Structure formats: C-alpha cells, structure tokens
2 protein chains.
Amino acid sequence: MTKRPADPANGSEPAVRQVPMRDFSRSLPMSLLRAREAVMRQFRPSLREHGLTEQQWRILRALAALDTVEVTELARTAFLLGPSLSRILRDLEARSLIERKTPKADQRRSMVSISEKGVKLMASVAPSSEAIYAEITRRFGASKLVELQEMLGELELSLAGLGASEEASAEE
Amino acid sequence: MTKRPADPANGSEPAVRQVPMRDFSRSLPMSLLRAREAVMRQFRPSLREHGLTEQQWRILRALAALDTVEVTELARTAFLLGPSLSRILRDLEARSLIERKTPKADQRRSMVSISEKGVKLMASVAPSSEAIYAEITRRFGASKLVELQEMLGELELSLAGLGASEEASAEE
DNA sequence: GGAAGATACTTAACATGTTAAGTGAATGCG
DNA sequence: CGCATTCACTTAACATGTTAAGTATCTTCC
C-alpha cells in the first residue's frame, strides 16, 4: 500500500520489452519460491534461537526418523546435495549433535546417527516448530494444505524423468 | 527401481525416535522445495549453456519487463535479497548485460536497465525456456497448473503478516 | 543550517547450492 | 592376482542465501 511499480512517467527511452515472455512474476518457479519463503520465514526465527539452520534441522529430523543411515541415504532423505551434507555433518559432529562410525565391512561408508545431545536439542525445538506448523495449517486450512501437497507431489511426479541423463536408456 | 530405503535389518540399537513429529518427508517446506527443484532441474541446463544462473536470468527477465528500475524495486520483483542482488548486478554490469546510472536528483539511488547485449542474450534463451515451460505445462496439465499457482498465492497471502516484526504495530 | 534519523545501497562474514575434481576403498573380470 | 571401474564420500571453487555492519546521501525538525 505504500509503493507502486515505479512511476512510469520518467521514461526517457522507448520500452525495451522486445522479448515476449510470460509475465515473469507468475512463473511457476517464482510462485514456488515465494510460497516456500513465506513458509520458511515463519520457522527461521525459532530455529535460529536454538542455533540451527533450516538444513541442520532437516538433517536432525531425518536422523531422528531413520535412526542410523549412510550419508548417501541421508542426502536423499533430507534432500541435500552431497557436498552440502558433507560440510554440515562435519559441523554437527563437531557440536556433538550427531555421531558417525565406519562399518568394517565397507570402509567407504559412514554411518550417521543422532546423539543424545541431538535428541535433547530436537526435543527443545519441536514444540515451537509444531506450534508454528499448526498455525500455518489453521490459517491456510487443513484440507487445502493436504490438497496443495498432493498437487506438489503430482507435479514432481509428472516431471520425474525429464531433464538430464535419465540413468540408463540411450547412453552417450 | 534400483535402490530401496536401506535395509532395515541391520539394526543394532533400539530406535531413537523419542521426539514425536510429523512425518518429515511430508512437511510443507519439503514439498515446496522438492517441487521447485523438480521444475528448476528442467531449466538449469539450458540457462547454463547460455552462461546464466537462475538468479541472473530472473534479473534479466525482470529488467525486460520493467525497463528501468531502482535496485530496491528490482530486488522486490526478482525476489532477491539486497546483498545477493548487489553482487549479481556487479557481475552483470561487468559483462555488459545491464547498465546503471545514478540520477542527479538522488545520488543514493541507482537506476538499472538491461543493455542491448542483454536483450540479445534474452532473445537467444527465451525460445528454449518457453519450450521447457510449455512441456511442463503439458505434462502437469494447464488447468492444474493454474490451480496450483492460485493455491500458492493463497498460501502466501494467508501467511502475509505473521512472523517477524510486521513493519509498525507494537514497536518495542 | 546543522545535527539526528531515515534511505538506498554496498560490504562483510558465514552457511548453503551447484558442479567438477579428488581420494580411498570395493568390485569386476581377464 | 592385477588393473580398470565403480562407489561413497570429501574437497575445491564459485555463486547465492542470510544477517549484520558500514557508507553515502537525503530529510526532518528545531
């Protein structure tokens, strides 16, 4: 209510706009980005108070659910790329929130699990986190939330197996 | 079809899982993240071929639509934080894809616009970008896409004015 | 008209995203 | 066995996300 899309009356050159494209602000990636940011904005302050970032929290939650996992599986679950996960695990281990051990059977692997300290930290964050999620659900509507998540899942499915290399089909 | 969620039959310690929480993989932030990644995965290769990142492309598109804007307005439009935008603009200017000039009336401001070179680059990327978007629309369904975006917009709206400071209400 | 406060950016510092390369440890196979 | 491949991670390098400071520049208001 305080600002408008820039006063159009300062024009000195003719509009550039020669490239026809969808209205930029209505692109799907943008909609998804804005929605996600609106949601995360609610959680960040609470996480921050507990000294956790969004990704660190994702990892702890994944570990609490999976108990003990190898790094690759954890990456898939927490939806993080290997390099990011590698760094974060190093830090979480330094803070004693997780534990790792290398199985003798395969020295390449590294089994990760949450520590007692990590469990306690989670317990201290969970209530506030759940409360925020409940408030979001209340505001947006529980059934709409379910519906939205279904659509997001369908979107993901309908794009599964499109870009990139596709594992193994017509190699090259 | 090649991997499963890790063989559960290697258990050595009793499940930790003492902190009750929603199923992690079904949290709203995660759903949004996964969906967005599924979409962006389609665009990144094409952008990359043209030497652009996702954010740089957002900025160029915003500039093509807005013609000439100040940095703050551009940040709002391209949905980038000031510091990120500042860095990217420095690089885009060095590559002569944008132009800046400081209005005499207010030396604090910086008016940004896309350059001829920038317009040409956009023209070379747009076709492929549009084709990808069309394919996504085809796969997911045009009407469902519209519906999804409406829901995302509603979600954003329903959370507008929740967290953080809220501009000016009960200052402290 | 001059100091305090607000603005519009920019820098800095640290964490993550993203791609490519590196490292050590299994595996496959002649 | 021996060597090329594949695996599971980790490092490296560069770009962005995020928060806090810093820097001019403009506005207010006495």
Side-chain angles (χ1 to χ4, degrees), chain A residues 2-3 6 29 33-34 36-37 40-41 43-45 47-49 51-59 69-76 78-95 100-112 163-165 167-168 171, chain B residues 2-3 6 29 33-34 36-37 40-41 43-45 47-49 51-59 69-76 78-95 100-112 163-165 167-168 171:
Chain A
T2 47
K3 290 187 181 178
L33 180 58
R34 298 176 64 97
R36 183 173 146 78
E37 177 54 27
M40 284 316 302
R41 198 195 317 283
F43 289 100
R44 262 190 282 268
L47 289 178
R48 187 175 173 69
E49 280 178 13
L52 288 175
T53 65
E54 177 194 335
Q55 293 81 356
Q56 293 167 348
W57 177 236
R58 283 221 299 276
I59 292 174
V69 278
E70 47 191 277
V71 174
T72 301
E73 166 76 359
L74 181 55
R76 192 163 36 239
F79 208 68
L80 290 168
L81 293 179
S84 294
L85 183 54
S86 214
R87 280 178 304 216
I88 301 176
L89 287 181
R90 169 166 48 70
D91 298 346
L92 291 180
E93 186 176 25
R95 288 163 65 183
R100 325 168 78 159
K101 53 183 174 184
T102 303
K104 294 164 195 166
D106 190 339
Q107 306 266 27
R108 295 171 303 180
R109 288 180 159 76
S110 176
M111 304 305 291
V112 187
S165 49
E167 306 194 23
E171 73 261 58
Chain B
T2 49
K3 291 188 180 178
L33 180 59
R34 296 176 66 97
R36 183 174 145 78
E37 177 55 29
M40 285 316 301
R41 198 194 317 282
F43 289 100
R44 263 190 281 267
L47 290 178
R48 187 174 172 70
E49 279 179 13
L52 287 174
T53 65
E54 176 193 334
Q55 293 81 357
Q56 292 167 348
W57 178 236
R58 284 221 299 276
I59 291 174
V69 278
E70 46 190 280
V71 174
T72 301
E73 167 74 0
L74 181 56
R76 193 161 36 239
F79 208 68
L80 290 168
L81 293 179
S84 295
L85 183 53
S86 214
R87 280 178 304 215
I88 301 175
L89 287 182
R90 167 165 49 70
D91 298 346
L92 291 180
E93 186 175 26
R95 288 163 64 183
R100 324 167 79 159
K101 52 184 175 183
T102 304
K104 294 164 194 163
D106 190 341
Q107 307 266 30
R108 293 171 304 180
R109 289 180 159 74
S110 178
M111 305 304 292
V112 187
S165 49
E167 306 194 23
E171 71 261 56

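Proteins get letters first, then strands, A, B, ... in listed order; numbering begins at 1 in each. Predicted model only: the values in this text are computed from it and were never measured.
- Side-chain atoms of B/Arg100 do not come within 3.5 Å of backbone N or O of B/Ser110 as any donor-acceptor pair.
- A/Arg109 has no side-chain polar atom (N or O) that falls below the 4.0 Å cut-off from OP1 or OP2 of D/dC9.
- At the heavy-atom level, B/Ala75 lies nowhere under 4.0 Å from the strands shown.
- Phosphate proximity of C/dT16 to A/Ser84: absent, as no side-chain N or O sits under 4.0 Å from OP1 or OP2.
- Among the atoms of the strands shown, base atoms are found under 4.0 Å from some heavy atom of A/Ser86.
- For the pair A/Trp57 CH2 and C/dA15 C1', the computed distance is 19 Å after rounding to whole Å.
- Across D/dA12, C/dT11, C/dT16, the shortest atom-to-atom separation from the side chain of A/Pro83 is found for D/dA12.
- Phosphate proximity of D/dT19 to A/Arg48: absent, as no side-chain N or O sits under 4.0 Å from OP1 or OP2.
- The minimum heavy-atom distance between A/Ile88 and A/Gln55, with the atom names listed, is CD1-CB, 3.8 Å.
- Which of D/dC26, C/dG17, D/dG17 sits closest to the side chain of B/Gln107 comes down to D/dC26.
- Protein atom NZ of B/Lys104 is 23 Å distant from nucleotide atom P of D/dA24, rounded to whole Å.
- Nucleic acid contact class of B/Ile88 (heavy atoms, under 4.0 Å, all strands): sugar-phosphate only.
- Each of D/dC26, D/dC9, C/dT18 was ranked by its minimum atom distance to the side chain of A/Val71; first place goes to D/dC9.
- Atom P of nucleotide D/dG17 and atom CE of B/Met40 are separated by 11 Å, given to the nearest angstrom.
- Between the C1' atom of C/dT10 and the CD atom of B/Glu70 lies a distance of 16 Å, rounded to the nearest Å.
- Residues A/Ala78 and A/Arg58 come closest through the heavy atom pair O-NE, 2.8 Å.
- One can place CG of A/Asp91 at 12 Å from P of D/dT10, the figure rounded to the nearest angstrom.
- In this structure, CG on A/Leu80 lies 5.0 Å from CD1 on A/Ile59, to the nearest 0.5 angstrom.
- Side-chain atoms of A/Gln56 come within 3.5 Å of backbone atoms of A/Thr53 as a donor-acceptor pair (strictly under, hydrogens ignored).
- Within the 4.0 Å cut-off from OP1 or OP2 of D/dT16, at least one side-chain nitrogen or oxygen of B/Thr53 is found.
- Between A/Glu73 atom CD and D/dA8 atom P there is a gap of 12 Å when expressed in whole angstrom units.
- Across the protein-nucleic acid pair, B/Arg100 atom CZ and C/dA8 atom C1' stand 12 Å apart, rounded to whole Å.
- A/Arg95 and A/Gly51 make their closest contact through NH2-O, 2.9 Å (heavy atoms, listed as atom of the first residue, atom of the second, distance).
- Between the CG atom of A/Leu47 and the P atom of D/dT18 there is a distance of 13 Å, rounded to whole Å.
- Nearer the 5' end of DNA chain D, as judged by each residue's closest nucleotide, is the contact made by A/Leu89, out of A/Leu33 and A/Leu89.
- Comparing C/dT19, D/dT10, C/dG24 by their nearest atom to the side chain of A/Arg108 picks out C/dG24.
- Contact between the side-chain N/O atoms of A/Arg87 and the OP1/OP2 oxygens of C/dT18 is not found at any separation under 4.0 Å.
- In this structure, A/Arg76 does not reach the D/dA8 phosphate: none of its side-chain N or O atoms is under 4.0 Å from OP1 or OP2.
- Along DNA chain D, the nucleotide nearest A/Gly82 and the nucleotide nearest A/Glu37 are compared for position; the residue whose nucleotide lies closer to the 5' end is A/Gly82.
- Using a 4.0 Å cut-off, no side-chain N or O of B/Gln55 falls inside it from OP1 or OP2 of C/dG17.
- Residue B/Thr72 places its side chain closer to C/dC9 than to any other of C/dG17, C/dC9, D/dT11.
- The side chain of B/Gln56 contributes an N or O atom lying less than 4.0 Å from OP1 or OP2 of D/dT16.
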